[in-house]
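All remarks here apply to the structure that follows.
These numbers were taken from a predicted model, which means no experiment stands behind them. Numbers restart at 1 for each chain; the letters A, B, ... are given by sequence-line order, proteins then strands. All values below were derived from every heavy atom in this structure, side-chain atoms included, with hydrogens, water molecules and symmetry-related copies excluded.
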Number of protein chains: 2
Amino acid sequence: MTTSGERVRRAALELFAERGFHGTGIRQLAERAGLSSASLYHYMGTKEDLLVELMRTSLDRLVAAADAVLLAHDDPTSRLVALVRLHVTSHAERPLETRVVDDEVHALSPQRRAEVVALRDRYEAAWREVIDDGLAQGAFAVESAAVARRALLEMCSGVARWFDPAGPTALPALAEQYAGLALRLLGAETATDASGPRRVDADTPSPV
Amino acid sequence: MTTSGERVRRAALELFAERGFHGTGIRQLAERAGLSSASLYHYMGTKEDLLVELMRTSLDRLVAAADAVLLAHDDPTSRLVALVRLHVTSHAERPLETRVVDDEVHALSPQRRAEVVALRDRYEAAWREVIDDGLAQGAFAVESAAVARRALLEMCSGVARWFDPAGPTALPALAEQYAGLALRLLGAETATDASGPRRVDADTPSPV
DNA sequence: GCCTCTCGATCGATCGATCGATAGCATAGG
DNA sequence: CCTATGCTATCGATCGATCGATCGAGAGGC
């Protein structure tokens, strides 16, 4: 059984992802959730509160998963592979959440935005640590760690905008491809074979 | 001298990029342009017409520049480097245009969206051709041309969201870095040195 | 006397949000 | 067992504000 509260959140997720926060009206939200617009307010604060809640839920999970990755792995290469798998998998499996998080930050008031951005920064700090360590240890070789990190994050986030579960590439294979692309981009020394996927950490279960 | 029409377009560009299409009101637009909301309509059709015009202008330039790249270069490697330079440079120099194009497509009605998406697809077709050719000729080595193309485009587009002209990396150097990252990601055979920038085509002037 | 440009006033529609009321269900008091 | 009380869930009606857009009018140059 799904509760009305869950239906409200689901409706908001779908509509915010599809039409954007400002493009979604309270009445559309209510209709999608199967409620009147008045009843909506029994399950949420303001419309912005609802958006923040969706973002926080999504980012909390991502941050926790990233922390788990750092705990489960030691060397920068396997950590990076695990982070890429995590990011690609979660963006492909939850495109609505991640699209809302990535695209609707601008709709938040300054205070709420700061809160959400702080969470996002905490997540990206894991990437920063891994890439910096890899550079310091000589496992990676790039001119700028900051540039490489941003390039990698944007590249992996894009998956949420085009991945189709019914498409030619299954998700696990896609995550492996991205891990290989990321290692090559970083100049990882293990990347000598130009075409095959890299199986640095094949027996780790999907962390999301 | 700047005409009122130019000021309207500039205001729309800034506000659509900052607050989004649906987050920008006609009256904000007018205030930023230094006009009344009624006068606005002397220089535009509907608000959506204005958005489409901004997108088309930006995409037309991008498509023309990509076509010029294909004309000016023959082999896939130098073509790809030129495309990356073009994309990164234009996204860094015109972050407002590119953010509007990349983020506000969802605000368009189906017909207008189809028109804009067709333009964007025409641009991306240049990337597809270059990557497919490079794979066929053995210059690149990736599992999936489609995956690599999307990863590259997302990675390069992200520049518009964070590049700071006053930051530590100047734009030409950044474009070179991205060209190097892209070649490594594609498994280009020339990418043997792991750290230095690649100067495959250093004497081509910036095409945007 | 047209043509370009600008504006105040205002249109109907929709916005996010709140109100008081009602129905259903639980639990406690007699 | 009955009913009084209180809590959860729901809604129609409506609030003031703002939305995108239009109107007729005026100002100024050609």
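The side chain of Y43(B) sits closest to dT6(C) out of dG16(C), dT6(C), dG12(D). Here the nucleotide nearest the side chain of S36(A), chosen from dG8(C), dG12(D), dA21(D), is dG12(D). Closest approach to the K47(A) side chain among dA9(D), dA21(D), dA17(C) is made by dA17(C) (side chain taken as heavy atoms from C-beta onward). Here the nucleotide nearest the side chain of S37(B), chosen from dC23(D), dC5(C), dA21(D), is dA21(D). Of the listed nucleotides (dT22(D), dC7(C), dT14(D)), dC7(C) has the atom at the smallest distance from the side chain of L35(B).
To the nearest angstrom, P of dC15(C) lies 11 Å from CG of L29(A). Between H22(A) atom NE2 and dG16(C) atom P the separation is 10 Å, expressed in whole Å. The nearest whole Å value for the distance from the CE atom in M44(A) to the P atom in dA17(C) is 6 Å. Look at CD on Q28(A): it is 13 Å from C1' on dG16(C), rounded to the nearest Å. Regarding I26(B), its CD1 atom lies at a distance of 9 Å from the P atom of dC19(D), rounded to whole Å. Rounded to whole Å, the distance from CZ on R19(A) to P on dC15(C) is 11 Å. Rounded to whole Å, the distance from OH on Y41(B) to P on dC11(C) is 17 Å. A straight line from CD of E31(B) to C1' of dT6(C) spans 17 Å, rounded to a whole angstrom.
Residue D164(A) qualifies as enclosed at atom CG: its count of foreign heavy atoms under 6.0 Å is above 12.
For H42(B) and dT6(C), the shortest distance from a side-chain N or O to OP1 or OP2 is not below 4.0 Å. At the phosphate of dA9(D), neither OP1 nor OP2 sits under 4.0 Å from any side-chain N or O atom of S39(A). Within the 4.0 Å cut-off from OP1 or OP2 of dT6(C), at least one side-chain nitrogen or oxygen of S4(B) is found.
Using a 4.0 Å heavy-atom criterion, one finds that L40(B) contacts no nucleic acid atom at all. T24(B) comes within 4.0 angstrom of sugar-phosphate atoms only, judged by non-hydrogen atoms across all strands, and of no base.
The line from CG of L40(B) to CZ of R32(B) is 13.0 Å long, rounded to the nearest 0.5 Å.
Both distances falling under 3.5 Å, in either a Watson-Crick or a G-U wobble arrangement, place dC19(D) opposite dG12(C).
Where G34(A) and R27(A) meet DNA chain D, the nucleotide closest to each residue was compared, and G34(A) sits on the side nearer the 5' end.
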Take Y123(A) and H87(A) through the test side-chain hydrogen bond (donor to acceptor under 3.5 Å, both in side chains) and record every step on the way to the result. CA-CA 10 Å; Y123(A) 170 68; H87(A) 198 102; 2.6 Å; yes
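Using a 4.0 Å cut-off between a side-chain N of Lys or Arg and a carboxylate O of Asp or Glu, E97(A) and R61(A) qualify as a salt bridge. The residues R161(A) and E154(B) are annotated as salt-bridged, a charged nitrogen and a carboxylate oxygen being separated by less than 4.0 angstrom.
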